[in-house]
Amino acid sequence: MSKVITPRAKDYSRWYTDLVIQAQLADYAPVKGCMVIRPHGYALWENIQRTLDAMFKETGHENAYFPLFIPESLLQKEAAHVKGFAPECAVVTRGGGKELEEPLIIRPTSETIIYSMYSKWIRSWRDLPMLLNQWVNVVRWEMRTRLFLRTTEFLWQEGHTAHATEAEAEEETRRMLEIYATFAEDHMAMPVLRGMKTEAERFAGAVRTYSIEAMMQDGKGLQAGTSHNLGQNFARAFDVKFQNKNSQLEYVWSTSWGVSTRLIGALIMQHSDDQGLVLPPRLAPIQIVVVPIFKSGDGVLEAAADLVKEIRTSTPGNGSFERSRVRLDDREGLSPGFKFNEWELRGVPIRIEIGPRDLKAGQVVVATRHDRQKQTVPRAGLAERLPSLLEEAQKSMLERARTHMASRSTPVDSYEDFKKQIDAPGGFLYCHWCGSGECEASVKTETKATIRCIPLDAPEEKGSCIRCGSASDRRVPFAKAY
RNA sequence: CGGGGCGUAGCGCAGCCUGGUAGCGCACCUGGUUCGGGACCAGGGGGUCGGAGGUUCAAAUCCUCUCGCCCCGACCA
């Protein structure tokens with residue numbers, strides 16, 4: 001097996017694929033466009049899942065499970081929705097050796113089947129809000145796929161809520177967007193823009209779509225999570241009505257929101273380097289690895305085992321450190337150098353090296369993955385210091401990503417400059433935009449750049465549209481995106 | 001669907017032009033020596049060359065068809 005990862009500077013795209021394969025996050029499956037998520041990648045997903053799931057539950061949501069198959073007739077009930085999704089649906093037409101009476105769609109998203117149930121379950125304002133979420137796989141027959149970023153089948157979470165008022169639904173939509181943003185920043189160490197999607201980029205069937213938008217190391221944008229205010233569109237299509245306090249029948253106001261295994265792709269492209277994965281400590285499946293440099297009988301292995309035991313039993317200094325995520329690498333027959341490289345490839349945030357020299361001197365070597373620094377530190381009191389070292393790494397990764405995003409966010413005022421800068425240096429080009437779909441579309445056709453979002457915190461500023469010159473009230477970030 | 005590339009050992013590749021029955025590196029197994037940034041020596045296992053058909057005394061190699069995958073574009077989380 002080739003151990004060399006294509007350097008980022010040579011071919012960013014190749015680097016990404018090499019890294020995913022070699023760090024054993026995923027592998028290509030026998031089915032085109034599909035991937036196998038390997039244990040290291042799945043552990044990452046489990047950590048993402050666990051953290052988000054707790055956040056959802058704290059805000060009152062419950063998990064449920066709706067079926068994989070959706071009757072074709074259900075999908076067709078909401079006009080915009082079917083238009084958006086029909087082309088990329090996988091359809092089952094045979095079962096039990098017979099042609100099915102009605103084809104079954106493999107869910108590309110579950111609004112339709114969920115609202116068909118909501119119409120049975122919701123009768124009264126007392127049934128609201130209905131706050132459900134599910135962690136499932138979905139299938140979208142994409143033309144071009146890319147490990148984690150866009151696969152035919154992917155794992156995600158989809159929240160579906162129904163409310164008595166428009167304001168409440170909007171509040172929920174924004175609340176979940178903020179949860180995604182908080183998760184991205186606090187756990188993934190990935191700064192994001194919170195914003196509203198333009199009409200062209202809106203979810204099929206939504207009134208408003210909000211998203212969090214990240215910037216990868218190559219300056220390209222990545223939509224990392226979406227939250228939709230569905231208004232009463234699906235309620236009307238699926239006849240989801242309730243009686244309000246005045247005994248009148250009303251359609252519910254609903255929302256849906258989701259993040260997917262794409263987040264793993266985002267994590268990789270945000271932080272990793274030519275040596276391999278760089279994972280934020282809070283999400284890293286293994287947070288600390290101890291590598292003994294030993295010969296049998298020199299006592300190093302025992303000392304390393306003691307250290308691991310001590311780390312595992314020491315009181316975590318904060319919520320970021322978990323004792324089960326410490327590993328002792330006592331494999332024989334592999335040189336220390338080999339192990340160092342392997343753990344770096346796999347993105348372990350802290351590596352502790354301990355050899356005969358350290359044993360004598362009462363010290364160890366602590367190597368931090370995100371900055372590739374090594375320092376010699378006293379053995380005494382080490383275990384207690386590790387949680388804060390992890391926390392520092394977490395913080396400095398976020399800082400570094402913030403700095404990167406800021407350094408590649410530039411105001412641009414003329415379309416000439418825009419066309420010059422969109423490929424190199426790229427990044428987010430903040431431009432005035434009149435708000436018309438025509439300008440947005442022609443910029444996209446001519447430069448492949450899209451409006452990532454209309455940032456919620458965009459300051460008011462008078463200007464003229466970069467494309468047509470009409471009046472504009474604020475700048476929006478344009479970028480090429482994954 | 002358009003453009004490009006590739007299918008030979010688990011992985012990466014050579015061999016193909018000029019047909020003669022398969023090779024290299026890594027990985028793997030055994031034994032030994034090593035071990036502070038991808039160790040070394042010795043021995044060993046593993047492939048009907050993507051599939052089908054054809055030409056030929058003989059096909060990984062030549063011809064025809066076919067299947068699959070990867071990369072770049074249009075679609076998208």
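In what follows, every chain begins at residue 1, and chains take the letters A, B, ... in the order their sequences are listed. Atom set for the values below is all heavy atoms of this structure, side chains included, hydrogens, waters and symmetry mates excluded. Remember, predicted model here, so these are calculated numbers, not experimental data.
With rounding to whole Å, A:Phe338 atom CZ is found 11 Å from B:C26 atom C1'. Following rounding to the nearest Å, A:Leu334 (CG) and B:G36 (P) show an atom-to-atom distance of 12 Å. Following rounding to the nearest Å, A:Phe340 (CZ) and B:A39 (C1') show an atom-to-atom distance of 14 Å. In this entry the distance linking CZ of A:Arg38 with C1' of B:G10 reads 11 Å, nearest Å. Protein atom CG of A:Leu301 is 16 Å distant from nucleotide atom C1' of B:U34, rounded to whole Å. The separation between A:His81 atom NE2 and B:A77 atom C1' is 14 Å, rounded to whole Å. With rounding to whole Å, A:Phe294 atom CZ is found 14 Å from B:U34 atom P. One interatomic measurement links the two molecules: CG of A:Asp11 to C1' of B:G5, which rounds to 14 Å at whole-angstrom precision.
When the shell of 6.0 Å around CZ of A:Arg331 is examined, it contains more than 12 heavy atoms from other residues, nucleotides or ligands.
Minimum atom distance to the side chain of A:Lys444 is reached by B:C75, of the listed B:C75, B:G36, B:C35. The A:Val365 side chain lies nearest to B:G36 when the options are B:G37, B:G36, B:C35. Among B:G37, B:A77, B:G36, the nucleotide with an atom closest to any side-chain atom of A:Arg140 is B:A77. When distances run from any side-chain atom of A:Pro356 to the nucleotides B:G36, B:G37, B:A74, the shortest one goes to B:G36. In the set B:G36, B:G38, B:C71, B:G38 carries the atom at the smallest distance from any side-chain atom of A:Asn341.
Remark: the A:Glu342 side chain and the B:G38 base include no donor-acceptor N/O pair separated by less than 3.5 Å. Contact annotation: side chain of A:Arg372 to base of B:G37, donor-acceptor pair absent below 3.5 Å. For A:Lys339 and B:G36, a side-chain-to-base donor-acceptor distance below 3.5 Å is absent, hydrogens and geometry of angles not being considered.
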Polar-atom pairs under 3.5 Å, protein N or O versus N or O of nucleotides 68-70 of chain B: list them with distances, or write none.
from  : atom 1 : to      : atom 2 : distance (Å)
B:C69 : OP1    : A:Lys32 : N      : 3.2

List every contact pair, protein side and nucleotides 42-46 of chain B side both N or O, where the distance is under 3.5 Å.
none

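Pairing partner, B:A77: none, since no Watson-Crick or wobble contact has both distances short of 3.5 Å. Pairing partner, B:U21: none, since no Watson-Crick or wobble contact has both distances short of 3.5 Å. Pair check for B:G53 finds B:C63; Watson-Crick or G-U wobble, both atom distances under 3.5 Å. In this structure B:A14 sits in no base pair that meets the Watson-Crick or G-U test at under 3.5 Å. Pair assignment for B:G2 gives B:C72, based on Watson-Crick or G-U wobble hydrogen-bonding distances that are each under 3.5 Å. In this structure, B:G43 forms a base pair with B:C29, meeting either the Watson-Crick or the G-U wobble geometry with both donor-acceptor distances under 3.5 Å.
Partners of A:Glu153 according to the salt bridge (charged side-chain N to carboxylate O under 4.0 Å, His left out) rule, which considers only residues two or more places apart in sequence or in another chain, do not exist here.
Separation of atoms OG1 (A:Thr151) and CE (A:Met35) is listed at 4.5 Å; rounding is to 0.5 Å. Atom-to-atom distance recorded for A:Gln22:CD and A:Leu345:CG is 6.5 Å, nearest 0.5 angstrom.
Shown for residues 255-263 of chain A: residues whose heavy atoms fall under 4.0 angstrom of RNA chain B, namely A:Ser260, A:Arg262.
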>> Assess the residue pair A:Phe148 and A:Trp45 against the criterion (ring-ring contact (aromatic ring centres under 6.0 Å, His included)); give the C-alpha distance rounded to whole Å, side-chain angles, the decisive distance to 0.1 Å, and a yes or no.
In response: CA-CA 11 Å; A:Phe148 287 113; A:Trp45 179 239; 9.1 Å; no
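For the side chain to side chain contact (heavy atoms under 4.5 Å, CB included) with A:Pro280, the qualifying choice from A:Gln270, A:His271, A:His187 is A:His271, the only one to do so.
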Can you give each donor-acceptor pair under 3.5 Å made by side-chain atoms of residues 302-312 of chain A, sequence neighbours left out, with the distance rounded to 0.1 Å?
from     : atom 1 : to       : atom 2 : distance (Å)
A:Glu310 : OE1    : A:Arg379 : NH1    : 3.2
A:Glu310 : OE1    : A:Arg379 : NH2    : 2.8
A:Arg312 : NH2    : A:Val326 : O      : 2.7

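Applying the ring pair (Phe, Tyr, Trp, His ring centres under 6.0 Å) rule to pairs touching residues 192-211 of chain A yields A:His81-A:Phe203, A:Phe85-A:Phe203, A:Phe203-A:His228, sequence neighbours excluded.
Phosphate proximity of B:C35 to A:Ser335: absent, as no side-chain N or O sits under 4.0 Å from OP1 or OP2.
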